[in-house]
Amino acid sequence: MLRNLMFGAAAIALAALSTPASAQLAAGDVEIEGPMSHVEVFAAPKTDSTVLGPRTYIGYINLMGVTVKVLQTALIHTPTNTTTATLKDFALTSPKLPGRTTGGFIGGTAIIVGESINGQVYASDVFSDLFEHVVVGEATAPVIVNDQVSRATINGMIIRPSTDKRMPAGAPINGLGLKIDADAIDTGTLVAAEGYFSPSQNTLYYHTLEADSARLLRPEATQIGVLRADCRVRGGGRDEIQVRGGVANPADGLVIISIPSPTPNNPNRFVQVGTVQAVPDPATSNPVQGQFDADFRNLTIASGVCPTLVRARVNGTGADGSIVSATVTADMEGR
């Protein structure tokens, strides 16, 4: 990785030397990743007049000595909150996250993407996961902590879900993408958790948790999960969509994959891309679960832009013999 970073930095430097001094960096050319020392939010937006036109911003972030002005239109998000996070959430005056002694996300890492105009950085995308603390290890026996609640552990380290709305824990899942009971992870199984560690509480507050073996949250229900979804636009009828995940009740269900309709003013309408048969996994039980790997090629994706969402559906049979459906909508990576 270091070698790639050095080559990348060298390429940028060479490009800078070969570019006229009067040229401006394109929007999105600037990326800064580092700790936030201060976040200021204005009572009302301010506007700068620049050589590229006006830039209206709502506040700024001090990041490794760089003052970054945050555009009014900037996307501000955390790993599990892409819709309601605000710049104010990161400020020192914002409430403390569980296990933290400092307000907001101050001291935590931010990733800024934007543009630089005459030396001033304007952010169009602001992301923070506070600290990217990751543990991949063995599930050990639960412990009783001072709040008299049983907590799951990984190699003796206590883990608990983040309940803060700024970065809430997503549903814990297994290796097939199905929702599990985080308090019923089998001892000795492989577990991966990501979040931020609180030294004072010896606890990892996770926003993402995956365990190889654990009781399903609703073992009796027909269900489906998406573990990963990718899209690639190649053009000329060669576009691709790949979706991997799992199902239960039935483990061999027919999975229907759909993407948002390109029809204007129909944000909730999805159109079918294709189907794939799930294959039961003999390593699972109570209930047996199946995995699917949908790989659709030679597609033509409308507008030539990958959709950001994908939907998967499977049909099962209810206790009374009726048909029941389970549907999940997940984010899709595009390139």
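Index from 1, following the sequence. None of the values given here were measured: they were computed from a predicted structure.
Minimum interatomic distance between E210 and G175 (heavy atoms only, all atoms of both residues): OE2-CA, 3.6 Å. Closest non-hydrogen pair, N155 versus G137, comes out as OD1-CA, 3.4 Å. Summarising the geometry of T163 relative to P98, their closest heavy-atom pair is OG1-CG, 4.4 Å, with the distance given to 0.1 Å. Taking every heavy atom of both residues into account, P161 and Y205 meet most closely at O-CD2, 4.1 Å. The shortest heavy-atom contact between L204 and M157 is CB-CE, 4.0 Å. V191 approaches L209 most closely through the heavy-atom pair CG1-CD1, 3.5 Å.
Apart from F296 itself, the hydrophobic cluster it occupies contains I224, V226, V233, I241, V243, V247, V255, I257, I259, V271, V273, V276, F292, L299, I301, V310, V314, V328, M332, where clustering links Ile, Leu, Val, Met, Phe, Trp and Tyr at side-chain heavy-atom distances under 4.5 Å.
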Legend entry - Pair T47-T56, side chain to side chain donor-acceptor pair (under 3.5 Å): steps then yes or no: CA-CA 4 Å; T47 301; T56 301; 2.9 Å; yes

Legend entry - Stepwise side chain to side chain donor-acceptor pair (under 3.5 Å) test for R311 and T329: CA-CA 4 Å; R311 181 168 290 176; T329 302; 2.9 Å; yes

Inset, instruction - Apply side chain to side chain donor-acceptor pair (under 3.5 Å) to T189 and D212, showing your working. - result: CA-CA 6 Å; T189 195; D212 270 0; 4.8 Å; no

Legend entry - K69 vs D48, salt bridge (charged side-chain N to carboxylate O under 4.0 Å, His left out): CA-CA, chis, key distance, verdict: CA-CA 10 Å; K69 295 181 177 180; D48 288 347; 2.7 Å; yes

Inset, instruction - Could you walk me through whether D293 and Q242 pass the side chain to side chain donor-acceptor pair (under 3.5 Å) test, one step at a time? - result: CA-CA 7 Å; D293 190 347; Q242 295 176 300; 5.6 Å; no

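For the residue pair S94/R166, the side-chain donor-acceptor check at 3.5 Å is satisfied. Side-chain atoms of T153 and T140 form a donor-acceptor pair, as typed in the model, at a separation below 3.5 Å.
Atom CD of E333 has 12 or fewer neighbouring heavy atoms from other residues, nucleotides or ligands inside a 6.0 Å radius.
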Listing, residues 315-327 side-chain donor-acceptor contacts under 3.5 Å, not counting sequence neighbours, or none:
residue, atom, partner, partner atom, Å
N315, OD1, R313, NH1, 3.4
N315, OD1, S325, OG, 2.5
D320, OD1, S322, N, 3.0
D320, OD1, S322, OG, 2.6

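Test F127, F105, Y60 against F90 for ring-ring contact (aromatic ring centres under 6.0 Å, His included) and you get one pass: F105.
A salt bridge does not link E240 with R232: none of the charged nitrogens is closer than 4.0 Å to a carboxylate oxygen.
Between the side chain of T102 and the backbone N or O of L92 there is no donor-acceptor pair closer than 3.5 Å. A side-chain donor-acceptor contact under 3.5 Å links H133 to the backbone of F197. D164 places no side-chain N or O within 3.5 Å of a backbone atom of P168 that could act as its donor or acceptor partner. Under a 3.5 Å cut-off, the side chain of T203 and the backbone N or O of Q201 do form a donor-acceptor pair.
Between Y196 and F131, the ring center distance fails the sub-6.0 Å criterion.
The cationic group of K46 lies under 6.0 Å from the six-membered ring centre of F42 and within 45° of the ring axis, placing it in a cation-pi geometry.
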